[in-house]
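So the structure is just underneath, and the comments pick up after that.
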Amino acid sequence: MQNNSQKTACALTTTDKGLIVSGLRDFSAAQIFDCGQCFRFDGGEEGSGDRASLRGATKFSGVAFGRFAAFTDLPPDENGAVLLAEGVTEEEFKTVWADYFDLQTDYSAIKTEIISRFDEACRREDKTIRQAVERGCGIRILRADPFETLISFIISQNNNIPRIKKTIAALCAAYGEPIKVDRNISGDEAQTRYAFPTPEAIAAAGEEGIRALKTGFRAKYIVGAAEAVAEGSLDLAALAAADGEEARERLQQLRGVGPKVAGCVSLFGLHHLDAFPVDVWMKKVLALRYPDGLDIDALGRFRGVAQQYLFYNERWI
DNA sequence: CGCCAGGATACCC
DNA sequence: GGGTATCATGGC
């Protein structure tokens, strides 16, 4: 599902307000950062634009791969969606953020296949998936760091999103490397940002060090996973290259990693788009929207993307 | 006080 | 194999 024409379609322009990325397809920073796949970006802050066109736009700022940046959706033009990236150079966008946002993947083609597979599985025209795809039309599956995703979703178990974000922020502040913040990002100069801790840093912190961050019963799971990666017994890069089912089974061998966490790590951290994590929200979707049952395995190789459309649709309905 | 939160585990039958 | 109490913590 690679599309070279799309790769070259997005255009970069450096302005005094930041880097303008135009010609984006199937893209919404707000939807991407608000659909539960990423815990390190915070929004809500109004775009500080002095122009009417920026009013109401939400800026999301945060850290990925040890880099702090802010992203704001601008009104689309005739070439597609437009994104304002602050604290990002053209070179950095091309080498880091374009890959993070999975810009080389054609999500229009994915949507078409998803709808087709759902129709087949339901043996009718499925209105639910159409509504979900429409509502979350700008969602993309981030290519997030595998280790960060693993630890983040271990923390997510039996937890709520605000507290998950708070705990991860505390983990980064305590054991992550401080990041030099670009002074051009207005309003954010004063705060020190932190990279996600390395496996070695978390392993060295030990169970007591991690428990001190109010991680509760998850502390031993977090340290165990970090130790496995640090000592090399768990090779996440190999799992990214492996079959989706094989990756999920290997992840579930870790204590504190069950089907749901393994599914989220596979989908968001390893980019296995066939992973379909079922959480309380998805159980609600399945019971409410598909009362006659739904064969997950029949939903095709992009069912993980469909899962995000359905999750977003149900959470913000 | 109780219940819930992007669950997993140990233990029950 | 399928049910269920328990696990830390904080918000409501």
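Here is the naming used below: chain letters follow the sequence lines, and residue numbers restart at 1 for every chain.
- Map A:Asp279 and A:Tyr221 each onto its nearest nucleotide of DNA chain B; the residue landing nearer the 5' end is A:Asp279.
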Counting primed atoms plus P, OP1 and OP2 as sugar-phosphate and everything else as base, spell out the protein contacts along nucleotides 5-12 of chain C at 4.0 Å heavy-atom distance: B, S or - for each nucleotide, 5' to 3'.
--BBBS--
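- When heavy atoms are screened at a 4.0 angstrom cut-off, A:Pro277 is found touching base atoms of the nucleic acid.
- Within 6.0 Å of NZ on A:Lys127 lie no more than 12 heavy atoms contributed by other residues, nucleotides or ligands.
- When atom types are taken as modelled, the side chain of A:Asp77 and the backbone of A:Gly80 share a donor-acceptor pair closer than 3.5 angstrom.
- A:Val257 comes within 4.0 angstrom of the backbone, heavy atoms only, and of no base.
- A:Gln308 comes within 4.0 angstrom of a nucleotide base, judged by non-hydrogen atoms across all strands.
- Here chain A contacts DNA chain B (any atom closer than 4.0 Å to a heavy atom, that is under 4.0 Å), and the contacts span B:dA5 to B:dA10 from 5' to 3'.
- A salt bridge between A:Arg130 and A:Asp119 is present, with a side-chain N of the basic residue lying under 4.0 Å from a carboxylate O of the acidic one.
- Considering only residues two or more places apart in sequence or on other chains, A:Glu249 meets the side chain to side chain donor-acceptor pair (under 3.5 Å) condition with none of them.
- A:Phe153 comes within contact range of no nucleotide atom at all, as no heavy-atom separation falls under 4.0 Å.
- Taking the P atom of each, C:dA8 and B:dC11 are spaced 15 Å apart, rounded to whole Å.
- When heavy atoms are screened at a 4.0 angstrom cut-off, A:Leu267 is found touching no nucleic acid atom at all.
- A salt bridge links A:Arg117 with A:Glu113; the closest basic N to acidic carboxylate O contact falls under 4.0 Å.
- Around atom CZ of A:Arg123, no more than 12 heavy atoms belonging to other residues, nucleotides or ligands sit under 6.0 Å away.
- Heavy atoms of A:Gln307 sit under 4.0 angstrom from at least one base atom.
- A:Gly256 comes within 4.0 angstrom of the backbone, heavy atoms only, and of no base.
- Taking the six-membered ring where tryptophan is involved, the planes of A:Trp97 and A:Tyr100 are perpendicular, since the angle between them exceeds 60° and thus also 30°.
- The same atom, P, is picked in B:dC4 and in C:dT4; the two are 15 Å apart, to the nearest Å.
- The aromatic rings of A:Phe27 and A:Phe101 sit perpendicular, their planes meeting at an angle over 60°, well past the 30° parallel limit.
- Taking atom C1' in both C:dT6 and B:dA5, one finds a spacing of 16 Å when rounded to whole Å.
- Going from the P atom of C:dG2 to that of B:dG6 covers 26 Å, rounded to whole Å.
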Apply ring pair (Phe, Tyr, Trp, His ring centres under 6.0 Å) to residues A:Phe153 and A:Phe39 and explain how you reach the verdict.
CA-CA 9 Å; A:Phe153 279 93; A:Phe39 300 113; 5.1 Å; yes
